[in-house]
There are 2 protein chains.
Amino acid sequence: MPKKVDHHARRTLIADALMRVAADRGLEAVSLRHVAAEAGVSSGMVQHYFRTKDEMMTFALGVVGERIRARIERGLAALGEASSIRAQVRALLLQLLPLDKTRWAEGRVALAFLAYAAGRPSVAAKPAEDAALMREFVAERIRTARAAGAPGGAEPSQAATALLALVDGLGLQILSEHCPPDLAVSVFEDRLDALFGRE
Amino acid sequence: MPKKVDHHARRTLIADALMRVAADRGLEAVSLRHVAAEAGVSSGMVQHYFRTKDEMMTFALGVVGERIRARIERGLAALGEASSIRAQVRALLLQLLPLDKTRWAEGRVALAFLAYAAGRPSVAAKPAEDAALMREFVAERIRTARAAGAPGGAEPSQAATALLALVDGLGLQILSEHCPPDLAVSVFEDRLDALFGRE
DNA sequence: GCTTTCACCATGCGATCGCATTGAACGCGC
DNA sequence: GCGCGTTCAATGCGATCGCATGGTGAAAGC
């Protein structure tokens, strides 16, 4: 075999450029040529690693998902062993809020992709699956917290849906600048208090 | 003056076509030609009523906002005079959830516009203003409900932000099919119960 | 009746799009 | 050292884009 090249690394490099373009010029500015220019490579090379634009988009969407997943995992790991359920759920969902520059840009891209994926079921499948897993995770935590004496309320899976929706909504408000980040966090913490008790 | 034509009606006709295209083929399929074809007019006419594509987009966005506003007003009016505060807030926010075909399509368009308006401050200004008004409306209702004995909680304006965010998030989940509409409604009603008491 | 004014259409320009094609450069197995 | 397959750059095709242009037809004003 000739020239050994790390395919995945190259694809990720290109996907990064795509996200940079999408974050500060909008998804409609994402074209093979623009992405190639942003990545500092030829457009021929982009085509070499992604046969179609859709393939490139889908891959980039996957990268965003993977980044978020990794950040969540890191956040949970940084919590240590004997952390409270509230702290775990808090750590998980806080990673979904666009509170710093990185996550803000990522949120912008995610929003653009959300609109892009609407009506492309094959593209939306993976994120939907991730969301379902997350809901189940949160629901499970609520169940065990309730068993340990946390105040009751709606059905756990329903409460999880509500909490996820609240976080999504807060993220949206931050991205569209309808709400300062710290207000969003405080709203989020209030809801956490109601579910798991104040700490 | 020659031929009298209702400018606003023509523009609305075109905006309607734009929304139909955006709803079922995505915002990136919105072009002067496609919109014109969908509206059954020549592309020259579209250009006659909108000097630039951006002007057309902005107008269409305004139409969506106006539709939502009108629907809210109708919903509130249908409530009659002596309706409870809970019923008023419920009527307002229920109009924001994409519960039927019409509102679902509208939600899709709104989502696409949200991504479009990101990074176009002049486009995003009007929706931001509307959102602020709505938050103030809800906050005010919460204040008067509290004065009349409703259970306390977070600061009214903060509670309003939370409720708005929840509705936004639920809308998102419905649009991306992460959550069936009736579950979203039930989640929403639970939150209403917590704020204003069950009825 | 002639001009003016507005509504509308047809055409096309320059740019950009996604993508296919072609071929050169390069490192490996033989 | 020679063929071979991978990597990547160059080029161009056909389609489509936003938009400018110039023209036509019809109603209103004098």
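Just so we're on the same page: letters track the sequence lines, and every chain starts at 1. Note that the structure is a prediction, hence the values are computed from the model and not measured. Note: hydrogens, waters and symmetry copies are ignored here, and every other heavy atom, side chains too, is used.
Per the geometry, CG belonging to Leu18(A) stands 14 Å off C1' belonging to dG18(C), to the nearest Å. For the pair Glu28(B) CD and dG18(D) C1', the computed distance is 17 Å after rounding to whole Å. Distance CZ (Arg10(B)) to P (dC6(C)): 17 Å, rounded to an integer number of Å. Spacing between atom CD of Glu55(A) and atom C1' of dC19(C) amounts to 13 Å, rounded to whole angstrom units. The interatomic distance linking Asp6(A) (CG) with dT6(D) (C1') rounds to 15 Å, in whole Å.
Backbone-only engagement by Val30(A) is indicated by non-hydrogen atom pairs under 4.0 Å involving sugar-phosphate atoms exclusively. Among the protein residues, Val35(A) comes within range of no part of the nucleic acid, since none of its heavy atoms lies under 4.0 Å from any strand.
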## Note on the structure
Letter by letter from the 5' end, nucleotides 19-24 of chain D scores (B base, S sugar-phosphate only, - none; protein heavy atoms under 4.0 Å) BB----
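Checked by atom type and distance alone, the side chain of Lys126(B) never pairs as donor or acceptor with a backbone atom of Thr58(B) at under 3.5 Å. Of the possible donor and acceptor atoms, one in the side chain of Arg11(A) sits under 3.5 Å from a partner among the backbone N and O of Tyr49(A).
Applying the 4.0 Å criterion to OP1 and OP2 of dC17(D), one finds that His34(B) has a side-chain N or O inside that range. Within the 4.0 Å cut-off from OP1 or OP2 of dC8(D), not a single side-chain nitrogen or oxygen of His48(A) is found. In terms of phosphate contacts, His7(A) brings no side-chain nitrogen or oxygen within less than 4.0 Å of OP1 or OP2 of dT6(D). Between dT16(C) and Ser31(A), no contact under 4.0 Å exists linking OP1 or OP2 to a side-chain N or O.
Counting only N and O atoms by type, the side chains of Gln158(A) and Ser186(B) include a donor and acceptor under 3.5 Å apart.
Ion pairing between Asp193(A) and Arg86(A) holds under the 4.0 Å rule for side-chain N and carboxylate O. A salt bridge links Glu140(B) with Arg143(B): the closest approach of a Lys/Arg side-chain nitrogen to an acidic carboxylate oxygen falls below 4.0 angstrom. Using a cut-off of 4.0 Å between Lys/Arg side-chain N and Asp/Glu carboxylate O, Glu28(B) and Lys53(A) are scored as not salt-bridged.
Two end axes, each from the C1' atoms of five base pairs, can be drawn for the helix from dG1(C)-dC30(D) to dC30(C)-dG1(D); they diverge by 10°, to 10 degrees.
Note: Phe50(B) and Phe59(B) have tilted aromatic rings, judged against thresholds of 30 and 60 degrees for the angle between ring planes.
Annotation: side chain of Leu27(B) is in contact with side chain of Met57(B) (closest heavy-atom distance under 4.5 Å).
Here the rule is salt bridge (charged side-chain N to carboxylate O under 4.0 Å, His left out) with Glu106(A), and of Arg71(A), Lys101(A), Arg67(A), Arg20(A) only Arg71(A) fits it.
For Met45(A), taking side-chain heavy atoms from C-beta onward, the closest of the listed nucleotides dC9(C), dC8(D), dC17(C) is dC8(D).
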